[in-house]
Number of protein chains: 2
Amino acid sequence: MAPTLALVGATGAVGTVMIDIINGKESVPWGEIRLIASARSAGKKITVRGEELTVVALSPEAFDGVDVAMFDVPDEISAEWAPVAAARGAVAVDNSGAFRMDDEVPLVVPEVNADQVGARPKGIIANPNCTTLSMMAALGALHHEFELTELVVASYQAVSGAGKEGVDRLYAELNAVAGKPLGVKAGDVRAELESAGLPIADSPFPAPLAFNVVPSAGSYKGDGWYSEELKVRNESRKILGIPGLKVSATCVRVPVVTTHSLAVHATFAREVTVEAAHKVFGAQQSVVLVDDPERNVFPTPAEVVGADPTYVGRIRQALDFPNTLDFFVCGDNLRKGAALNTYEIAEKLAPEFA
Amino acid sequence: MAPTLALVGATGAVGTVMIDIINGKESVPWGEIRLIASARSAGKKITVRGEELTVVALSPEAFDGVDVAMFDVPDEISAEWAPVAAARGAVAVDNSGAFRMDDEVPLVVPEVNADQVGARPKGIIANPNCTTLSMMAALGALHHEFELTELVVASYQAVSGAGKEGVDRLYAELNAVAGKPLGVKAGDVRAELESAGLPIADSPFPAPLAFNVVPSAGSYKGDGWYSEELKVRNESRKILGIPGLKVSATCVRVPVVTTHSLAVHATFAREVTVEAAHKVFGAQQSVVLVDDPERNVFPTPAEVVGADPTYVGRIRQALDFPNTLDFFVCGDNLRKGAALNTYEIAEKLAPEFA
């Protein structure tokens, strides 16, 4: 019998993308697909693969008969409910931060470490943070060939990483500043937003994003670091299986709706050339090479948003650092960065239950 | 007699900021101030220090009696006319790219290498590129104390680095997209701009900047590198006097009007702590420390634009790289990044002619 898949958080931002992904597939290995959400959303009808499904409320019984349960919900909901799903016999594939650094929970990017899906003593598999994921398919392919040793990363992160609230805020800010000659005096953007009824106190971001970039993502963790920067370090180490990988990341929010970009400076144990990197990326199905800078061909977030692959360009050999490449990568933070990777993990599990 | 100062390019974007700077000074060491521009702008009246001056046309005679001539004009105008000014006895302080890497032309940031102003066999002193300048006061202070050896930089560059055309383009793009749910499908921003009569072919940038970031600045120079990235490397080496400094830069244009930001990963020969860096910056008059991340206190470009100092925050010790700091720096690319530094060089020269 075909296995049963559950989607917890079916009505949220990532859950909605997840349903798009499932609906876009030519075929899926699932029998029943069950949509689960908060009691508030229960009863809602959503069409999945041509069939109208009714959202059911999150409860222990909702997991009965489920083989694989994908969680696209906040950390605290996952922390409570993924173990419940596992106790009822489902494998929980969790897209929150609750279990990522748990030693007994594998952190999986199928292109990089699909072999880890079986090593799940808690019945839980974690999906990485979207910023890490945006570069991981590309980085994993290079690591496999050249052995990564050092990573210096600066991010250009989209507002949808902060959910619908982040997207609404950016649209509202741009609306408020459009047609005005702002961004030329310190604080003039902030003042304009204030007078338009959009004080920063009401924003999910600590500073204006219109005409601005904001060097903070996630919560403050001490010693100068924000959580997103530590996630890039710790999750990269775990996914790639390099406990001693040297990583420095600076995470910066930019006025882009969706798709994270990263400027990556990556050093390897073995010699690496641009040509060799092109060859590696050419062989990696989930990476698209967009790299002809002489003709202004490189990826930009607004030009690749909404697609599954990781887009890589601006690949060049560092002039002064041996065995080092600099490159620019764009990945849709809602697709590969969240829903898609979670779904790909779930599909890897399907044969176990077929 | 007080020396005579000339400003070539008085009616341009940087020239206008230059006049603001001169007008904002409590006192200046100059006698006559002469405004020079193209024949087209000659005859225009501009008020400088309460006196209405008439712009004169660029000609060899325009430099007669001039002690210091500041050039804020395109490369090819500087290449032709700075030597003319020097031949007429003026010291040319040039803000173009024409002479920066000339071995016989010092490249000066007064806080870092003011001693170089005397070493000018051609009678020309160059002002660095705005991206390099945006971090140089901060970096120079750290280098002086800890000896810089490696630099990995990612930039978040403002559109005014591409002149008035760049600023007009960003305003027009934001105007065209405001109120529309764009940035969610690949190419939807480009299509909207197209239908609003703003095709990318007419833009100074090779891709949309609304809802986007663009990983290219300057012209393509081969081997994957754009000119701005090579300038950061070569000019940093020359200003700091470290011919072997290891540098990798990725330059990215962002939808910010004015003020460049940089994520800097800097490695030193000697041990460095956040506390020691705070102390160094505290002693550097032209650096302002904005660094209390726990309270969301850090510099952002729209919040510091229009001011002279370099703003530094997010200073933290790299977790995995010895003797290394990561930090975020914002500097107004039209002020310290262009007009202000040029003027500061000119002021350093004034005593020679007093």
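A, B, ... follow the sequence lines: proteins, then strands. Residue 1 opens every chain.
- Contacts with chain B were tallied for A:Leu334, A:Thr258, A:Val247; A:Val247 has the most, counting heavy-atom pairs under 4.5 Å.
- Contact annotation for B:Tyr220: only side-chain heavy atoms (C-beta onward) come within less than 4.5 Å of a heavy atom of chain A.
- Contact of B:Val254 with chain A is made through the side chain alone, with heavy-atom distances under 4.5 Å.
- Closest approach of A:Ala178 to B:Leu174, counting heavy atoms only: CB-O, 4.1 Å.
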Using the rule given for side chain to side chain contact (heavy atoms under 4.5 Å, CB included), can you reason through A:Asn296 versus B:Tyr226, listing the C-alpha separation, both sets of side-chain angles and the distance that settles it, and then say yes or no?
CA-CA 10 Å; A:Asn296 281 321; B:Tyr226 283 92; 3.5 Å; yes
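- Your options are B:Pro301, B:Ala154, B:Gly187, and the one with the most heavy-atom pairs under 4.5 Å with chain A is B:Pro301.
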B:Arg316 and A:Thr250: side chain to side chain contact (heavy atoms under 4.5 Å, CB included), yes or no, with the steps?
CA-CA 10 Å; B:Arg316 57 224 192 269; A:Thr250 300; 2.8 Å; yes
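- The side-chain heavy atoms of B:Asp320 and A:Arg233, taken from C-beta on, include a pair separated by under 4.5 Å.
- Most heavy-atom pairs under 4.5 Å with chain A, from the set B:Pro293, B:Gly313, B:Cys330, B:Gly222: that is B:Pro293.
- Inter-residue side-chain proximity for A:Phe321 and B:Val152 is flagged as met; some heavy-atom pair is nearer than 4.5 Å.
- Note that NE2 of A:His265 and CD of B:Glu150 are 7.5 Å apart. Values are rounded to the nearest 0.5 Å.
- Using a 4.5 Å cut-off between heavy atoms, B:Pro255 touches chain A through backbone and side chain atoms alike.
- By number of non-hydrogen pairs under 4.5 angstrom with chain B, the leading residue of A:Arg190, A:Lys185, A:Lys180 is A:Arg190.
- With a 4.5 angstrom heavy-atom cutoff, B:Lys221 does not touch chain A via any of its atoms.
- For B:Ala249, the part lying under 4.5 angstrom from a heavy atom of chain A is the backbone only.
- Pairing each heavy atom of A:Leu182 with each of B:Tyr171, the nearest pair is O-OH, 2.6 Å.
- Chosen from A:Ala207, A:Pro206, A:Ser248, the residue pairing most often with chain B at heavy-atom distances under 4.5 Å is A:Ser248.
- The side-chain heavy atoms of B:Glu303 and A:Val214, taken from C-beta on, include no pair separated by under 4.5 Å.
- Proximity to chain A (any heavy atom under 4.5 Å) is shown, for B:Glu173, by neither the backbone nor the side chain.
- Shortest non-hydrogen contact noted between B:Ala302 and A:Val189 is CB-CG2, 4.2 Å.
- For the residue pair B:Ala318 and A:Trp225, the shortest heavy atom distance occurs at CA-CZ2, 4.2 Å.
- Interface residue B:Arg237: only side-chain heavy atoms are found under 4.5 Å from chain A.
- Put simply, the side chain of A:Thr300 reaches to within 4.5 Å of the side chain of B:Pro215, judged on heavy atoms.
- Here CG of B:Asn212 is found 7.5 Å from OG of A:Ser261. Values are rounded to the nearest 0.5 Å.
- B:Pro322 and A:Lys246 make their closest contact through CD-NZ, 4.3 Å (heavy atoms, listed as atom of the first residue, atom of the second, distance).
- The contact between B:Leu230 and chain A is made entirely by side chain atoms (from C-beta outward), counting heavy-atom distances below 4.5 Å.
- Looking at B:Leu245, the atoms closer than 4.5 Å to chain A (heavy atoms on both sides) all sit in the backbone: N, CA, C or O.
- Neither the backbone nor the side chain of A:Arg295 comes within less than 4.5 Å of any heavy atom in chain B.
- Between the side chain of B:Tyr156 and the backbone N or O of A:Tyr156 there is no donor-acceptor pair closer than 3.5 Å.
- Options B:Leu319, B:Asp223, B:Val304 differ in how many heavy-atom pairs under 4.5 Å they form with chain A, and the most are formed by B:Leu319.
- Ranking A:Gly306, A:Gly183, A:Pro299, A:Ala307 against chain B, the residue ahead of the rest is A:Gly183, based on heavy-atom pairs under 4.5 Å.
- Scanning both residues, A:Gly179 and B:Asn175, for their nearest heavy atoms gives N-OD1, 3.4 Å.
- If you measure heavy-atom distances from B:Leu151 to chain A, the contacts under 4.5 Å come from the backbone alone.
- In this structure, chain A has heavy atoms under 4.5 Å from both the backbone and the side chain of B:Pro181.
- Of the listed residues B:Asp291, B:Asp332, B:Ile315, B:Val252, the one with more heavy-atom pairs under 4.5 angstrom with chain A than any other is B:Val252.
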